[in-house]
Amino acid sequence: MNKIHLRIGSALDNQLVIEESGIDPYHLELFSDSDGNVFITDLNTKNGTYVNGKELEGFKLLNLGDKVVLGQHHLFRWEPYILKTTQPETKSSKQNQEPVQIADLNKNKKLNKELVAIYSLIVIVLVLMGYVLD
């Protein structure tokens with residue numbers, strides 16, 4: 001699963017720029033880890049960040065449906081910025097992913113067999129070199 005990291009604010013060097021009153025130049029960061037957990041961090045803003053009506057201090061793990069407001073009035077819809085693979089899986093999407101996971105496992109097994117063969121050849125060469133040098 002892919003990770004994301006977005007810095008959001010009114011400054012033009014942010015990954016997501018929101019030019020609106022009440023948005024600080026560097027307002028918040030949104031981070032998704034490889035497990036699909038989504039974290040939000042307020043960057044010590046003057047105008048504040050609110051999650052479900054409570055002012056955010058530091059960082060917080062977000063859950064689908066959490067309402068994020070920047071400043072006093074900008075509703076920030078954060079879910080579209082998260083990769084679809086971090087969304088909860090439905091039964092049908094899980095079924096669609098199983099063949100890919102099995103294919104990935106088979107690919108890893110093939111790679112492991114190839115590595116074992118390569119390392120075995122290296123050991124054989126080293127042993128033979130030991131006999132030749134003696």
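Since the structure is predicted, the reported quantities are computational estimates derived from the model, not experimental observations.
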Asker: Nearest 0.5 angstrom please: Thr49 OG1 to Leu56 CG, how far?
Answerer: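 Result: 6.0 Å between the selected atoms.
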Asker: Tell me which donor-acceptor pairs under 3.5 Å the side chains of residues 16-23 have, and how far apart each pair is, sequence neighbours excluded?
Answerer:
{"unit_1": "Glu20", "atom_1": "OE1", "unit_2": "His74", "atom_2": "ND1", "d": "3.1"}
{"unit_1": "Glu20", "atom_1": "OE2", "unit_2": "His73", "atom_2": "NE2", "d": "3.4"}
{"unit_1": "Glu20", "atom_1": "OE2", "unit_2": "His74", "atom_2": "ND1", "d": "3.1"}

Asker: Is there a donor-acceptor contact under 3.5 Å linking the side chains of Tyr26 and Asn44?
Answerer: no
Asker: Is Ile4 reachable from Phe31 through a run of I, L, V, M, F, W or Y residues, each pair having side-chain heavy atoms under 4.5 Å apart?
Answerer: no
Asker: Is there side-chain contact between Val68 and Leu62, with at least one heavy-atom pair below 4.5 Å?
Answerer: yes
Asker: Report yes if the side chains of Leu64 and Trp78 come closer than 4.5 Å at any heavy-atom pair, otherwise no.
Answerer: yes
Asker: Please find the pair of heavy atoms, one from Asn37 and one from Phe39, that lie closest to each other, and give the distance.
Answerer: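 Where Asn37 meets Phe39 most closely, the heavy atoms are CB-CE1, 3.7 Å.
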Asker: Counting only N and O atoms by type, is there a donor-acceptor contact under 3.5 Å from the side chain of Glu29 to the main-chain atoms of Arg7?
Answerer: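 Between the backbone of Arg7 and the side chain of Glu29 there is no qualifying donor-acceptor contact (under 3.5 Å).
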Asker: Can you sort out the partners of Ile122 under side chain to side chain contact (heavy atoms under 4.5 Å, CB included), two or more places apart, ordered by chain and number?
Answerer: Ile118, Tyr119, Leu126
Asker: Let me confirm one number: the CD1-CG distance from Ile8 to Asp24, rounded to the nearest 0.5 Å.
Answerer: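 One finds 13.0 Å between CD1 of Ile8 and CG of Asp24.
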Asker: Under the salt bridge (charged side-chain N to carboxylate O under 4.0 Å, His left out) definition, can you give me all pairs with a residue in residues 52-77, not counting sequence neighbours?
Answerer: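 Those involving residues 52-77 do not exist here.
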Asker: Examine distances only and state if a side-chain atom of Asn14 and a backbone atom of Pro25 form a donor-acceptor pair shorter than 3.5 Å.
Answerer: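 Confirmed, Asn14 side chain pairs with Pro25 backbone.
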Asker: Could you tell me the separation between the CG atom of Asn63 and the CD atom of Glu79, rounded to the nearest 0.5 Å?
Answerer: 10.5 Å
Asker: Is the backbone of Gly48 close enough, under 3.5 Å, to the side chain of His27 for a donor and an acceptor to pair up by distance?
Answerer: yes
Asker: Between Asp33 (side chain) and Asp35 (backbone), is there a donor-acceptor pair under 3.5 Å?
Answerer: yes
Asker: Does any non-hydrogen side-chain atom of Leu30 lie less than 4.5 Å from one of Val38?
Answerer: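 Yes; the side chains approach each other to less than 4.5 Å.
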Asker: How long is the span from the CG atom in Asn47 to the OH atom in Tyr50, to the nearest 0.5 Å?
Answerer: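 If we round to the nearest 0.5 Å, Asn47:CG and Tyr50:OH are 8.0 Å apart.
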Asker: Atom CG of Leu61 and atom CD1 of Ile40: how far apart are they, to the nearest 0.5 Å?
Answerer: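 The CG atom of Leu61 sits 11.0 Å away from the CD1 atom of Ile40.
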